[in-house]
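What follows is a set of notes on a single structure, which appears directly below.
Quick caveat, the model's predicted, so the values are computed rather than measured.
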Amino acid sequence: MRSNQEMLDLVLDVARKDERIRVVGMNGSRTNPNVPKDWLQDYDMVYVVSEMDSFLQQPDWIDVFGDRIIMQTPEAMSMFPPDLGNWFSYMMLFTDGNRIDLILIPLEELEKYRDDDKLTVILMDKDNRLPELPPPSDEDYWVKRPSAAFFADCCNEFWWVSTYVAKGLWRKEMLFAQDHLNQIMRPMLIRMLEWEAGIATGFTLSAGKNGKYLDRYISEESWNELMATFATGKYEEMWDALFLSFALFRKTSAVVAEYFGFDYPEEDDKQVTRFIEGLRADASERN
């Protein structure tokens with residue numbers, strides 16, 4: 001496997017030899033001082049280029065980075081609408097295990113790139129177009145303090161969607177129930193846990209994508225309770241996971257509500273819980 005220095009030297013050497021590439025930047029976990037380093041981290045690289053078309057018309061130019069296992073170019077795909085505007089990305093996994101996510105950015109959008117992410121580190125600036133940037137910081141990704149309205153919406157979404165999960169379980173529609181629990185309810189639960197972690201840290205933490213660092217900031221008890229909400233494909237385990245989600249959400253939201261002086265929707269909690277207890281009892285009788 002090529003070393004970190006070998007990978008950086010390669011990216012910079014390619015840029016050095018290509019007059020179209022004017023600026024090289026790096027972002028992501030490898031520039032984040034608060035993220036543990038390991039060999040699976042991507043190299044999130046940027047080439048700011050004088051023109052884009054010649055790169056896009058010659059797709060094999062990226063072969064210089066090495067033999068690939070697989071690649072994805074999201075902006076060229078039909079299934080996923082592009083969301084980078086005029087930027088174009090190459091996500092490449094190489095046979096030696098290294099991965100580069102490389103974005104091409106037109107030179108006229110250099111300032112937009114500079115201001116887009118506080119984790120940006122400039123590795124090469126051929127024309128000295130950019131001022132010296134401050135040290136990289138993950139501040140852009142810190143958990144934000146909730147407003148009263150945001151807190152209320154989170155609670156409402158959690159309890160409202162829980163009725164869909166219960167309906168799916170009662171009907172024996174496992175995929176429907178799993179989808180609503182995992183894709184809609186769970187993000188609300190994790191958001192509430194992130195707010196609790198923010199309270200404990202003065203809102204100076206990043207929980208990472210999908211809350212992947214959350215276990216560092218919440219109690220072992222809460223973490224174990226969260227893990228217990230991940231059910232298999234058995235209906236009784238799904239019912240258990242649903243009610244365990246209720247208990248953890250209720251406990252965590254009480255902490256957040258008390259800290260900020262927010263109103264927790266106690267009546268929604270009680271009525272929805274009572275309704276779903278009835279659905280579970282009826283489902284058990286039918287079985």
Side-chain angles (χ1 to χ4, degrees), residues 142-203 205 207 210-212 214-215 217-287:
W142 288 355
V143 173
K144 304 296 189 295
R145 296 171 181 267
S147 65
F150 214 80
F151 174 82
D153 288 348
C154 180
C155 294
N156 180 264
E157 181 77 345
F158 179 88
W159 290 110
W160 173 254
V161 175
S162 69
T163 65
Y164 287 73
V165 179
K167 180 166 62 175
L169 294 177
W170 187 89
R171 288 175 171 171
K172 298 285 188 180
E173 296 171 345
M174 178 59 74
L175 295 182
F176 179 91
Q178 288 272 12
D179 192 61
H180 282 79
L181 174 62
N182 293 317
Q183 300 301 321
I184 307 177
M185 273 187 69
R186 190 178 308 285
M188 297 301 102
L189 174 58
I190 290 176
R191 179 66 59 87
M192 195 66 70
L193 286 163
E194 288 177 346
W195 288 336
E196 182 184 35
I199 291 169
T201 60
F203 287 90
L205 83 149
N210 304 117
K212 61 184 178 180
L214 193 56
D215 60 324
Y217 301 106
I218 64 176
S219 69
E220 183 179 358
E221 178 185 21
S222 289
W223 178 255
N224 290 337
E225 290 170 351
L226 177 62
M227 292 300 98
T229 68
F230 288 86
T232 65
K234 297 180 180 179
Y235 283 98
E236 273 307 304
E237 291 186 12
M238 273 291 290
W239 282 113
D240 289 341
L242 181 59
F243 280 93
L244 288 169
S245 298
F246 290 175
L248 181 56
F249 188 87
R250 186 179 295 120
K251 179 181 77 169
T252 308
S253 57
V255 173
V256 177
E258 180 179 7
Y259 181 84
F260 287 106
F262 295 158
D263 293 325
Y264 178 71
E266 296 277 359
E267 198 59 28
D268 289 350
D269 179 337
K270 290 177 182 178
Q271 292 198 74
V272 170
T273 300
R274 189 179 305 118
F275 171 70
I276 293 177
E277 286 172 343
L279 282 180
R280 183 178 191 178
D282 186 65
S284 295
E285 289 176 8
R286 290 188 298 115
N287 291 335

For Asn156 and Ala152, indicate whether the former's side chain and the latter's backbone hold a donor-acceptor pair under 3.5 Å.
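Looks like no, no N/O pair under 3.5 Å.
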
Partners passing side chain to side chain contact (heavy atoms under 4.5 Å, CB included) against [X] (at least two apart in sequence or in another chain):
X	result
Phe176	Tyr164, Glu173, His180
Asp282	Trp170, Glu285, Arg286
Lys144	none
Glu221	Ser219, Glu225, Lys251

May I ask you to test the Tyr259-Arg145 pair for a side-chain heavy-atom distance under 4.5 Å?
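The answer is yes; the side chains approach within 4.5 Å.
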
Locate the shortest heavy-atom distance separating [X] from [Y]; write the atom from each residue and the value.
X	Y	value
Gly211	Glu194	CA-OE2, 3.8 Å
Leu214	Leu193	CD2-CB, 3.8 Å
Ala177	Val165	CB-O, 3.6 Å

Donor-acceptor contacts, no H, no angles, side chain residues 238-246, under 3.5 Å, sequence neighbours left out:
{"unit_1": "Asp240", "atom_1": "OD1", "unit_2": "Arg280", "atom_2": "NH1", "d": "3.4"}
{"unit_1": "Asp240", "atom_1": "OD1", "unit_2": "Arg280", "atom_2": "NH2", "d": "2.7"}
{"unit_1": "Ser245", "atom_1": "OG", "unit_2": "Ala241", "atom_2": "O", "d": "2.9"}

What pairs of residues pass the salt bridge (Lys or Arg N to Asp or Glu O under 4.0 Å) test when at least one of them lies in residues 151-160, not counting sequence neighbours?
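As it turns out, there is no salt bridge (Lys or Arg N to Asp or Glu O under 4.0 Å) pair with a partner in residues 151-160 once direct neighbours are skipped.
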
Taking only residues at least two apart or on different chains, which pairs with a member in residues 255-264 satisfy salt bridge (Lys or Arg N to Asp or Glu O under 4.0 Å)?
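The answer is none; no pair qualifies.
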
For Phe262, ring pair (Phe, Tyr, Trp, His ring centres under 6.0 Å) partners two or more places apart
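For Phe262, the residues satisfying ring pair (Phe, Tyr, Trp, His ring centres under 6.0 Å) (neighbours in sequence not counted) are Phe151, Phe260.
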
Does NZ or CZ of Arg186 lie under 6.0 Å from the centre of the six-membered ring of Phe230, at an angle within 45° of the ring axis?
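Yes - Arg186 lies over the ring of Phe230, closer than 6.0 Å to its centre and within 45° of its axis.
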
Side chain to side chain donor-acceptor pair (under 3.5 Å) partners for Tyr264, two or more places apart
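Side chain to side chain donor-acceptor pair (under 3.5 Å) check on Tyr264 returns Trp159, Asp269.
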
Residues Asp179, Gln183; criterion side chain to side chain donor-acceptor pair (under 3.5 Å); working and verdict
CA-CA 5 Å; Asp179 192 61; Gln183 300 301 321; 4.6 Å; no

